[in-house]
Amino acid sequence: MPKHLRSYALLFQSLFILPMAEANEWDWVPKESLSVSQQATLNQYCRGAYIDSWQVVDDDNTHLLADMIYRDEQGTLYMEGSATLRQPLSELNADLIEGEQSKYYQATGDVSLRAKNQLIRSDKAYISTEEGNQSARFENAEFLAHQSRVRGEASEIARTKDGLIFINEGFYTTCEPGEDSWTLYGSSIELNPDSGFGTAKHVQIRIHDIPVFYFPWLRFPLDQRRQSGFLFPSFGLSGKSLSVSAPYYLNLAPEYDATLTPNLVLPIGESSEEDKDQNGQGLDIELRHLSQYGLTTFEQSTFFNEYGEEGTLRKLSSQQQLTEQLQVGLNLEDNPTENRVPEINNTSIQEKDNYVRTANARYDLGNFSSNVQVRRYQTPDPTENQPLEWMPRLSASYRYADTRFSYRPDIEFTEFYEPDQTGQDGQRFVLNQDLNVYYGNAWSGITTGILHQYRNYSLHDYDTFQDSDAEVNHLSYYLDTSIVFDRHLENQWRQTLEPRIQYLNAPYQEQSDIPDFDANEMDMTYAQAFSHQRFSGNDRIGDTEQIALGLESRFYDENNNNRWTLQGGQVFYLADRKVGVDGDTGSVVDDSARSAVLTAATYNGDRFTLANHFNYDFDGNRVDLAQTALKYTPDSGIVLNLSFSYLYDDNVEDMTKQASFGTILPINDNWHFFQQQSYDWVDHERTAEVEGFGYENCCIKTSFSYQRWRDDDGQYDEGIFLQFILRSLSGVGRTNSDLTTIADDYWNQGKVGY
């Protein structure tokens with residue numbers, strides 16, 4: 001008798017992934033009746049959990065219980081009335097159980113089979129226990145897997161002696177009782193636990209009992225083993241076309257795999273010449289290889305429009321950690337089709353003016369680090385200027401610091417190459433050394449230091465066909481002082497007041513013969529006011545003699561979390577600046593006696609965050625910079641995003657003045673409305689518009705939105721985007737890869753739920 005019950009257990013181990021259907025309330029416990037620890041495992045949308053109260057038997061004996069147990073003259077065992085056949089791994093219950101040991105057992109009337117975290121019920125069950133023919137069949141069966149939350153039913157389930165499971169007219173869901181948001185139905189399903197996959201014919205995915213997808217044949221995994229087969233497709237809809245992508249996954253070997261995604265764009269209605277340029281078919285390819293050192297990926301997206309014109313993007317990337325200290329990497333991007341890109345692209349490659357190709361190696365050992373990198377570009381449009389290339393760049397840095405001394409040397413050598421062979425290129429050697437001494441205690445500090453900047457160039461001028469050398473050897477001197485005042489507030493908060501004064505002297509040095517390979521002028525903010533350099537990059541050394549005054553105040557709550565930070569300061573210049581980001585030096589490029597008043601305010605709360613920068617120039621009576629980013633998420637479930645950016649420029653066309661407002665509003669416990677408006681106040685037009693609805697419960701999440709946006713070329717595009725996730729099954733839909741919107745915030749950061 002133990003043999004046939006082990007057959008039950010083997011059968012039931014395969015049932016946790018069986019298609020299931022109409023909800024029942026077996027073992028269902030509402031959320032309010034769960035323990036605190038059990039409630040902590042639920043996401044915010046789940047109203048309860050399946051709790052398995054069945055316990056494994058401690059002994060190895062078989063227990064028979066029934067109102068009447070007898071054996072007839074032929075040796076058939078009969079258990080009538082509340083019959084129970086219990087063993088360590090499973091328990092069979094029915095109104096009637098009959099059979100012969102080592103031959104068969106048949107159960108009828110309110111049949112139930114239990115094992116750990118598993119339950120099956122049926123009207124009738126037949127189990128063959130003959131040697132070599134251990135098969136089983138259940139009629140009108142209902143299933144539940146407690147841990148995976150899978151439940152459902154099938155008209156018949158059969159298990160062969162080889163372990164294959166056949167299901168007729170079955171379907172399953174992970175939704176809660178009474179809420180069948182989605183079900184997967186198959187008229188004929190075959191499961192093979194040995195190979196780890198199943199197949200189904202005439203498959204339907206139903207949303208609230210409405211069929212939304214149909215597959216004549218579907219292959220799907222039963223466990224964590226990777227299996228080749230179709231993944232769920234994605235769909236996109238615009239006013240003039242319908243796009244479909246159907247990825248196919250290939251499990252080639254344990255260490256590498258591939259995904260092939262055919263893409264199709266079909267016209268809706270009559271097609272114009274422009275529409276034909278966007279309609280067509282294509283193929284995306286992704287190959288991945290995982291070694292003991294790291295991951296290598298190859299991607300390619302190709303699309304042919306109705307005219308047969310090709311658009312292709314390719315990318316090969318690899319990151320390998322060869323030793324604990326040594327890492328190497330490769331990134332090769334390519335667009336072989338001039339001025340054309342795929343209309344549908346499911347890879348990580350996006351449209352660019354210049355596609356980067358880099359190879360690098362990095363070595364780190366304690367405070368020492370070094371890096372060598374080659375950087376080249378591929379520019380599909382021959383009329384576009386090509387960026388400077390590194391052939392190669394070598395750099396090394398070291399950091400030493402104790403309670404008083406700090407020394408930071410940085411060395412860099414770059415071989416620049418100008419692909420257009422216009423202007424200048426050549427070699428640049430850089431040495432930066434920052435040495436400072438700190439004197440201080442718990443409430444004050446003084447730092448005095450020297451910044452040494454050395455540059456050496458060997459240049460070639462393509463316009464004059466002449467070679468030249470240049471050199472800059474520069475010392476800057478700085479003195480930073482700060483004091484910290486601290487007081488406790490009545491609400492157990494703590495406030496600091498931190499006056500700060502810095503003196504910086506960077507003497508002027510002639511740099512007219514120095515090219516601009518990578519120099520950029522820094523935006524003036526409160527943090528930049530206390531920087532020791534005016535420019536980023538390693539070409540220009542900014543001259544200045546200045547005093548920066550600042551005042552900071554920080555507010556800490558009762559748990560010592562920094563909530564508010566308020567900053568205000570100004571830079572006073574003692575000499576005119578004669579070095580600009582490019583061109584000859586020596587003439588005055590900035591004679592202002594002081595900077596704008598620089599302010600910043602940030603707040604980090606549990607539900608509210610704020611980052612604000614505001615610069616006002618009293619000499620010019622104007623705002624130079626105003627930036628605000630606010631996010632508010634109260635307990636009511638509302639999400640509010642607000643941003644504004646203003647940057648003054650003498651040329652009105654180069655001025656930045658943009659605002660964006662986005663919100664997520666809960667309609668009820670499951671429905672949300674989200675909306676965003678982005679506006680350019682310089683061009684007086686909307687740059688983005690988003691309106692949509694989202695729905696989520698314990699087993700499904702979906703969003704539907706209309707989006708209109710301005711692309712990088714200043715052209716407007718629009719589309720309808722649909723996304724949904726069937727929990728424990730798959731995600732379907734297409735996102736807008738052209739910009740980040742409040743729709744992404746809802747999907748990824750808002751009421752995600754799981």
Side-chain angles (χ1 to χ4, degrees), residues 20-51 144 146-152 172-184 205-210 212 605-609 631-642 661-676 690-707 720-733 735 741-754:
M20 300 185 176
E22 188 72 17
N24 56 70
E25 295 187 1
W26 306 336
D27 301 339
W28 176 258
V29 179
K31 184 175 182 178
E32 55 272 15
S33 300
L34 297 174
S35 66
V36 175
S37 60
Q38 289 171 333
Q39 292 184 22
T41 63
L42 300 179
N43 72 58
Q44 65 189 78
Y45 290 101
C46 292
R47 300 176 301 172
Y50 297 104
I51 303 299
L144 172 65
H146 301 76
Q147 192 168 5
S148 61
R149 301 175 66 94
V150 173
R151 61 175 178 82
Y172 78 91
T173 183
T174 59
C175 297
E176 297 178 323
E179 193 171 307
D180 290 345
S181 297
W182 72 266
T183 54
L184 188 146
I205 297 178
R206 298 177 177 178
I207 306 295
H208 286 292
D209 211 29
I210 300 175
V212 294
D606 298 329
R607 299 288 181 179
F608 176 77
T609 60
K631 185 167 185 176
Y632 181 51
T633 55
D635 291 333
S636 60
I638 296 174
V639 175
L640 177 64
N641 294 336
L642 177 65
F661 170 81
T663 185
I664 303 173
L665 299 175
I667 300 174
N668 56 30
D669 291 340
N670 303 101
W671 281 96
H672 292 79
F673 169 77
F674 51 88
Q675 198 267 353
Q676 176 178 321
V690 178
E691 289 89 17
F693 290 90
Y695 174 84
E696 182 172 3
N697 60 28
C698 192
C699 66
I700 191 172
K701 181 181 180 72
T702 183
S703 69
F704 177 85
S705 65
Y706 164 79
Q707 302 183 28
I720 295 174
F721 297 87
L722 172 66
Q723 281 183 283
F724 61 85
I725 289 178
L726 309 180
R727 193 178 184 189
S728 300
L729 183 64
S730 182
V732 180
T735 61
T741 69
I742 194 68
D744 303 299
D745 196 36
Y746 167 75
W747 193 257
N748 299 313
Q749 302 173 17
K751 296 288 188 176
V752 179
Y754 51 85

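Counting begins at 1 with the first residue of the sequence.
With contacts defined as side-chain heavy-atom distances shorter than 4.5 Å, the pair Arg151/Cys175 qualifies. Inter-residue side-chain proximity for Ile51 and His146 is flagged as unmet; no heavy-atom pair is nearer than 4.5 Å. With a 4.5 Å cut-off on side-chain heavy atoms, Ile207 and Ile700 count as touching. With contacts defined as side-chain heavy-atom distances shorter than 4.5 Å, the pair Tyr45/Asn670 qualifies. Contact annotation: the side chain of Pro177 approaches that of Tyr50 to within less than 4.5 Å [non-hydrogen atoms, C-beta and beyond]. With contacts defined as side-chain heavy-atom distances shorter than 4.5 Å, the pair Leu42/Leu34 qualifies.
Applying the side chain to side chain contact (heavy atoms under 4.5 Å, CB included) test between Ile205 and each of Val212, Thr183, Ile210 identifies Val212 as the sole match.
Atom CH2 of residue Trp671 and atom CG of residue Asn697 lie 10.5 Å apart, to the nearest 0.5 angstrom. In this structure, Tyr632 OH and Thr663 OG1 are separated by 11.5 Å, a value rounded to the nearest 0.5 Å. Interatomic distance, CD of Glu691 versus CD of Gln675, reported as 5.0 Å (0.5 Å rounding). Taking CZ of Phe674 as the reference point, atom OG of Ser705 lies at 4.5 Å (rounded to 0.5 Å). Between the CD atom of Gln39 and the CD atom of Glu32 there is a distance of 8.0 Å, given to the nearest 0.5 Å.
Qualifying side-chain contact (heavy atoms from CB on, under 4.5 Å) partners for Leu642, counting only residues two or more places apart in sequence or in other chains: Leu630, Phe661. In this structure Phe673 satisfies the ring pair (Phe, Tyr, Trp, His ring centres under 6.0 Å) test together with Phe693, sequence neighbours excluded.
The number of heavy-atom neighbours closer than 6.0 Å to OH of Tyr695, taken from other residues, nucleotides and ligands shown, is above 12.
The SG atoms of Cys698 and Cys46 lie less than 2.5 Å from each other.
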Let me see the working for Ser181 and His208 under side chain to side chain contact (heavy atoms under 4.5 Å, CB included), right down to the final yes or no. CA-CA 5 Å; Ser181 297; His208 286 292; 3.8 Å; yes

